[in-house]
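Below you'll find the structure, written out as structure tokens, and then a few comments.
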Amino acid sequence: TLISPRHDLHDRHEDLTFIIRQDCRPPNQVYDAAERYLPTIDLINPSTRTIQVSKTPRQETVKLAMESGEQVPDTFEDINLNWRYVVETFRDGSVEYRFELTFQKKHKEKVMSSYLPYVVGRAEAIKKEEKILKLSNLTNSSVDLEHPATFETIAMEPDLKRKIMKDLDRFVARREFYKKVGKAWKRGYLLYGPPGTGKSSLIAAMANHLKFDVFDLELASIRSDSHLKSVVLSTTNRSILVIEDIDCTVHNKDNRFTLSGLLNFMDGLWSSCGDERVIVFTTNHKDRLDPVLLRPGRMDVHIHMSYCTPNAFRILASNYLGIQDFDSHRLKGEIVGLLESTKVTPADICEDFLRQNDDDVDGDDDDVDVDATLERVVKFLKLRKLEGANNVDETETQEEEKAGNGSESE
Ligand SMILES: Nc1ncnc2c1ncn2[C@@H]1O[C@H](COP(=O)(O)OP(=O)(O)OP(=O)(O)O)[C@@H](O)[C@H]1O
């Protein structure tokens with residue numbers, strides 16, 4: 001129906017409503033902020049009829065959220081505001097999610113310049129406190145990252161672990177430094193090592209440590225520079241961008257990416273993504289990467305994820321079997337010797353430990369027979385050694401090194 005302008009002018013409204021739609025690319029920050037902020041004001045008021053309640057296994061408390069059609073009042077300084085949440089399904093099956101924020105028109109300026117920035121700021125602060133992180137593969141909507149790996153549970157050399165945590169902490173604390181030296185506030189990591197050594201677990205531990213979201217950037221689905229740009233723009237600051245298996249990308253069958261295409265991609269990635277980003281590349285074969293990819297500035301820190309070392313084994317034994325005093329166990333020497341001469345990944349060890357639990361017919365995980373378990377581990381390692389006859393070469397230890405000649409400005 002056409003409404004005549006005259007009619008419209010006579011129809012005066014004291015109230016104004018902002019429509020805040022959920023947009024995916026780039027995301028509507030105000031929508032995301034409202035989603036986080038509103039549960040912090042009392043969602044249940046005299047007019048509330050229904051409310052969403054949820055809790056994931058890792059959340060400590062039950063979370064409330066507005067249900068479609070429900071309203072929540074808020075006050076800011078002397079302004080009364082009303083939030084309404086609407087989910088609308090259209091004939092073509094598409095669904096629109098939106099917040100409607102209504103207030104007296106005369107407060108328009110203040111709402112724009114003070115209230116909405118306040119809401120966005122509060123949401124940012126809440127996000128930093130939240131333990132639940134988002135994991136997104138950039139093609140589907142994001143899901144909560146429920147990966148439980150933390151630096152405490154991850155099995156790797158304690159020294160390397162400390163170095164990585166220190167590097168991450170220093171990176172997030174150095175906004176001013178990056179600004180001063182005119183460097184983009186980003187940090188690139190290359191995680192390399194055989195499958196099952198914990199590259200994905202380390203990424204989750206990094207995200208849990210920094211409380212950053214994780215975006216999995218599937219290189220194979222990138223069609224062009226502009227597509228890359230729009231995908232990268234849809235990711236948020238304070239996030240980890242993951243590009244897995246970069247070696248496969250250059251060497252895959254249909255040759256989708258030439259080396260120069262990949263270099264363009266990486267440079268585009270650095271220049272188009274926002275501040276406070278960690279970019280993680282993973283590969284199972286660092287030796288297959290062209291050295292130009294390893295140039296400083298593209299990947300600042302290289303982390304070798306190695307086969308299971310005795311130190312890593314200690315951590316897994318403590319996590320999975322509750323063994324705190326592995327060093328005083330009679331089988332320690334034999335296990336350490338086998339680990340040092342056998343290529344077995346932490347994932348293999350985890351699997352073997354889980355098998356022990358499965359064999360526990362009482363289903364009583366707390367009551368692990370340590371002796372029997374470690375004896376079985378010895379058997380497993382011996383079998384592995386025989387099967388492979390592929391002993392670890394001397395250089396295969398976990399290490400951390402700076403890219404190139406360490407030219408990163410400090
Ligand atoms: N270093 C580790 N510390 C703790 N758990 C580990 C470690 N490495 C592997 N695991 C266990 O093995 C499983 C598989 O490991 P993960 O997926 O992290 O390895 P990956 O190196 O990323 O392998 P891929 O290259 O195949 O993706 C994990 O879910 C975790 O349970």
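In listed order, ligands and their atoms are each counted from 1.
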Would one find an N or O of Pro346, backbone or side chain, under 3.5 Å from an N or O of ligand 1? no
Per-atom filter on ligand 1: closer than 4.0 angstrom to a heavy atom of Asn284 are 25 (O)
Would Lys166 and Asp169 pass as an ion pair if we require N to O under 4.0 Å? no
Can Phe353 be said to touch ligand 1, with heavy atoms closer than 4.0 Å? no
Taking the six-membered ring for Trp, are Tyr192 and His304 closer than 6.0 Å centroid to centroid? yes
When only distance counts, is Gly196 in polar contact with ligand 1, meaning an N/O pair under 3.5 Å? yes
Aromatic ring pairing Tyr37/Tyr115, orientation class (parallel under 30°, perpendicular over 60°, tilted between): perpendicular
Test your reading of the structure: does Cys350 have an N or O sitting under 3.5 Å from an N or O of ligand 1? no
Is there a side-chain contact between Val111 and Leu101 (heavy atoms, below 4.5 Å)? yes
Among Lys199, Glu351, Met305, the residue with a heavy atom nearest to atom 20 (P) of ligand 1 is Lys199
Just which atoms of ligand 1 are under 4.0 Å from any heavy atom in Leu316? 4 (C)
Between Phe18 and Phe99, is the ring centroid distance below 6.0 Å? no
Fit a plane to each ring of Phe171 and Tyr178, take the angle between them on a 0 to 90° scale, and name the class: parallel (under 30°), tilted (30 to 60°) or perpendicular (over 60°). perpendicular
Under 4.0 Å to a heavy atom of Tyr320 - the qualifying atoms of ligand 1, by number: 31 (O)
Side-chain (His329) to main-chain (Leu331) donor-acceptor, under 3.5 angstrom: yes
Under 3.5 Å, N or O to N or O, is Ser200 touching ligand 1 that way? yes
